[in-house]
Amino acid sequence: MERDKGHLTSALAQSAQQLPYLAAINPAGQKTLMEKLGILSDAAKYDVSCSSSGVGRKGDGTGIGNTIAGGICHSFGADGRCISLLKILFTNECIYDCKYCINRCSNDVPRASFTPDEICELTIQFYRRNYIEGLFLSSGILHNPDYTMELIYEAVYKLRTLYRFQGYIHVKAIPGANPMLVQRLGMLADRMSVNLELPTAEGLHRLAPNKHRKNILTPMRQIQQGITQNKEEIVAYRHASSFVPAGQSTQMIIGATPESDYQVMMVAESLYRKFDLKRVYYSAFVSVNKDKDLPALPGGPPLLREHRLYQADWLLRFYGFEAGELLSEQKPNFNVLLDPKADWALRHLELFPVEINRADYQMILRVPGIGVKSAQRIVRARKNGNLTFDHLKKIGVTLKRALYFITCGGKMMYPTKIEEDYITRNLISNKEKLPFPADGMTYRQLSLFDDDMPGWQKIVGGAG
């Protein structure tokens, strides 16, 4: 938490000190704009679904700003979270009492709310000074969903029309708000997102009793249908306005409830298929409240688990994998020592080694150490002749992982044993490839609980 704060809140606050109007004291004794900024940018750091790419739009000369499809100039926190946008809450006031949320109504924390004009001024002033490239605007629930959504709409509408801001805007749709407000906001924003919050309805009921899965899925379906309809109108009429051109995303909190990785990935896969999401974000649960229904985290937030889920999500979206291939009810969680693709390959050694000069594109994609771009280069390059391991290295293949799963011209890079324990030890080792054992010794890490060897071997066998 403090690491994100050090990168986002501190940077914006330092920048804000250079803007004289931010330091003006409100004569009514209310918080200054800079004080609000400190509170509401800090409160927004727990929402990680702030992608800033996916749409390209040039300014038309009548306003300021533009959006580049390749993304915004990103800054990252120490744990990898994107902090490139002016990422703030409209308000951290909230009528809900979600047990995992720092802004829950029962918490005694400093509260603040922006006005629509303050949102506009902050965005424009920071943009003009090149501190930000766009806006990510979320919010707690002030009074009720409709009231909150109307304030967000007013801010974005003024930013687009009165202030002529043509840069990137990502806003959160508030579950339970009037569909008309969602529709109007979608015509102004580049991306919209509705947080799923927790992977299952049971977990949501237990930790967020004021929220309901149906209320969350309804605006997601509306946005998905609106995007599809808008694309058809653009094709038909060519001048139709764009509705959420960068698509929609969502976020799930990981580790607050006991769902397995298998359940999480099945939910993500279903969301991609049913709602055409651009991204599902996974946020490692951060313990900010004390509650009997929240898990203890002696090792801190499950960041490595979050990382593995992102890797698996990449496999779903770009590598042709299905959730049921990566995990199952019998194997419900990822191996934290191996990336999901390598873990899958080790469980399907009957498919390897793959002959790199003959295998089809989809099979090449499934080789550990070969990414999408490398696979495409391989398919193109082998039209001109057989590829060697030197060619693969120049193409960009990570041979220290791929060498156990491929052949070039029928030969492996080294004499390699196609055996799970041996390959696993090599993949998780920080050293160079282990020598091929001449005596047939396995590289499986021995355990004190192995029952098929004498006790003295259990004690000293780990050195093997």
Side-chain angles (χ1 to χ4, degrees), residues 308 311-312 314-315 319-321 325-326 331 334-448 450-454 456-464:
R308 294 298 182 219
Q311 289 178 316
W314 208 260
L315 297 181
Y319 288 76
F321 281 86
E325 294 181 274
L326 299 172
K331 187 185 184 302
F334 290 115
N335 185 340
V336 295
L337 298 177
L338 295 168
D339 70 84
K341 196 208 282 195
D343 189 38
W344 174 86
L346 287 168
R347 288 184 284 111
H348 294 83
L349 288 176
E350 72 278 3
L351 301 176
F352 299 98
V354 169
E355 171 50 51
I356 213 72
N357 288 295
R358 293 197 303 270
D360 62 39
Y361 173 73
Q362 290 300 326
M363 192 60 212
I364 293 175
L365 268 183
R366 296 191 168 219
V367 175
I370 298 182
V372 173
K373 289 185 178 179
S374 295
Q376 293 171 345
R377 291 167 182 163
I378 288 170
V379 172
R380 290 196 300 266
R382 68 187 185 183
K383 293 178 181 179
N384 300 318
N386 286 340
L387 301 181
T388 66
F389 287 101
D390 286 338
H391 292 142
L392 296 182
K393 186 175 181 179
K394 294 177 181 179
I395 283 174
V397 173
T398 306
L399 286 176
K400 66 180 181 180
R401 293 204 301 273
L403 66 89
Y404 306 101
F405 306 97
I406 60 174
T407 59
C408 286
K411 297 181 180 180
M412 301 193 77
M413 188 171 183
Y414 303 112
T416 301
K417 188 175 183 180
I418 306 299
E419 196 272 327
E420 183 176 354
D421 295 333
Y422 168 73
I423 297 175
T424 300
R425 282 290 305 277
N426 278 276
L427 288 176
I428 65 177
S429 173
N430 292 324
K431 301 177 181 180
E432 293 296 321
K433 176 181 177 293
L434 295 174
F436 186 77
D439 57 1
M441 180 185 297
T442 174
Y443 280 89
R444 179 169 59 91
Q445 178 67 45
L446 300 185
S447 167
L448 290 174
D450 287 343
D451 295 325
D452 56 351
M453 63 186 69
W456 68 269
Q457 284 183 318
K458 295 180 186 178
I459 297 174
V460 303

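Just so it is clear, the structure is predicted and the values come from calculations on it, not from any experiment.
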Peer 1: Evaluate the side-chain contact (heavy atoms from CB on, under 4.5 Å) criterion for residues Val397 and Ile378: first the C-alpha distance (whole Å), next the side-chain angles of each, then the deciding distance (0.1 Å), finally the verdict.
Peer 2: CA-CA 9 Å; Val397 173; Ile378 288 170; 4.0 Å; yes
Peer 1: Are any non-hydrogen side-chain atoms of Phe405 and His348 less than 4.5 angstrom apart?
Peer 2: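 The answer is no; the side chains never approach within 4.5 Å.
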Peer 1: Within the 4.5 Å heavy-atom criterion, are Arg366 and Glu325 side-chain neighbours or not?
Peer 2: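 Side chain of Arg366 against side chain of Glu325, heavy atoms only: contact under 4.5 Å found.
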Peer 1: How long is the gap from CD1 on Ile423 to NZ on Lys417, to the nearest 0.5 Å?
Peer 2: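 Nearest 0.5 Å value for the CD1-NZ distance: 10.5 Å.
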Peer 1: Side-chain contact test, heavy atoms from C-beta onward, threshold under 4.5 Å: evaluate it for Leu427 versus Leu346 and give yes or no.
Peer 2: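 The answer is yes, as the side chains (C-beta and beyond) meet within the 4.5 Å cut-off.
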Peer 1: If the condition is side chain to side chain contact (heavy atoms under 4.5 Å, CB included), which residues does Gln362 pass it with, not counting sequence neighbours?
Peer 2: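 Once residues adjacent in sequence are excluded, the partners of Gln362 under the side chain to side chain contact (heavy atoms under 4.5 Å, CB included) criterion are Asp360, Leu365.
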Peer 1: As an exercise, state the distance from CZ of Phe334 to CH2 of Trp344, rounded to the nearest 0.5 Å.
Peer 2: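 It comes to 13.5 Å.
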Peer 1: I need the Ile406 CD1 to Met412 CE distance, nearest 0.5 Å.
Peer 2: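 The CD1 atom of Ile406 sits 8.0 Å away from the CE atom of Met412.
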Peer 1: Where is the tightest heavy-atom contact between Pro368 and Ala342, given as atom of each residue plus distance?
Peer 2: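 Minimum heavy-atom separation between Pro368 and Ala342: CG-CA, 3.8 Å.
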Peer 1: With rounding to the nearest 0.5 Å, note down the distance linking CZ in Arg401 to CD1 in Ile370.
Peer 2: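 The CZ atom of Arg401 sits 10.5 Å away from the CD1 atom of Ile370.
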Peer 1: Is a side-chain donor or acceptor of Glu355 paired with a backbone partner of Arg358 at a separation under 3.5 angstrom?
Peer 2: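 Not a single qualifying donor-acceptor pair exists.
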Peer 1: Does any non-hydrogen side-chain atom of Tyr361 lie less than 4.5 Å from one of Gln376?
Peer 2: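 When only atoms from C-beta onward are counted, Tyr361 and Gln376 do touch, with a gap below 4.5 Å.
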Peer 1: Only counting residues at least two apart or in another chain, list the ones meeting side chain to side chain contact (heavy atoms under 4.5 Å, CB included) with Lys331.
Peer 2: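 With neighbours one apart ignored, the set is Leu327, Ser328, Asp343, Arg347.
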Peer 1: Going by atom type alone, with no hydrogens or angles, which donor-acceptor pairs under 3.5 Å involve a side-chain atom of residues 381-389 and a protein atom two or more places apart or on another chain?
Peer 2:
| residue | atom | partner | partner atom | Å |
| --- | --- | --- | --- | --- |
| Arg382 | NH1 | Ile356 | O | 2.9 |
| Arg382 | NH1 | Ala359 | O | 2.7 |
| Arg382 | NH2 | Ala359 | O | 2.7 |
| Thr388 | OG1 | Asp390 | N | 3.4 |
| Thr388 | OG1 | His391 | N | 3.3 |
| Thr388 | OG1 | His391 | ND1 | 3.2 |

Peer 1: So how far is it from Gln311 CD to Asp339 CG, rounded to the nearest 0.5 Å?
Peer 2: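 Interatomic distance, Gln311 CD to Asp339 CG, rounded to 0.5 Å: 5.0 Å.
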Peer 1: Which heavy atom of Val367 sits nearest a heavy atom of Ala402, and at what distance?
Peer 2: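 What the structure gives for the nearest pair is CG1-CB, 4.2 Å.
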Peer 1: Does any non-hydrogen side-chain atom of Leu351 lie less than 4.5 Å from one of Met363?
Peer 2: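 The answer is yes; the side chains approach within 4.5 Å.
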Peer 1: Kindly determine whether Asn426 and Thr416 satisfy side-chain contact (heavy atoms from CB on, under 4.5 Å), including the steps that lead there.
Peer 2: CA-CA 11 Å; Asn426 278 276; Thr416 301; over 6 Å; no
Peer 1: After noting the C-alpha distance and the side-chain angles of Lys341 and Phe321, does the key distance pass the side-chain contact (heavy atoms from CB on, under 4.5 Å) rule?
Peer 2: CA-CA 9 Å; Lys341 196 208 282 195; Phe321 281 86; 4.2 Å; yes
Peer 1: How long is the gap from OG1 on Thr398 to CG on Leu403, to the nearest 0.5 Å?
Peer 2: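 Spacing of OG1 (Thr398) from CG (Leu403) equals 11.0 Å.
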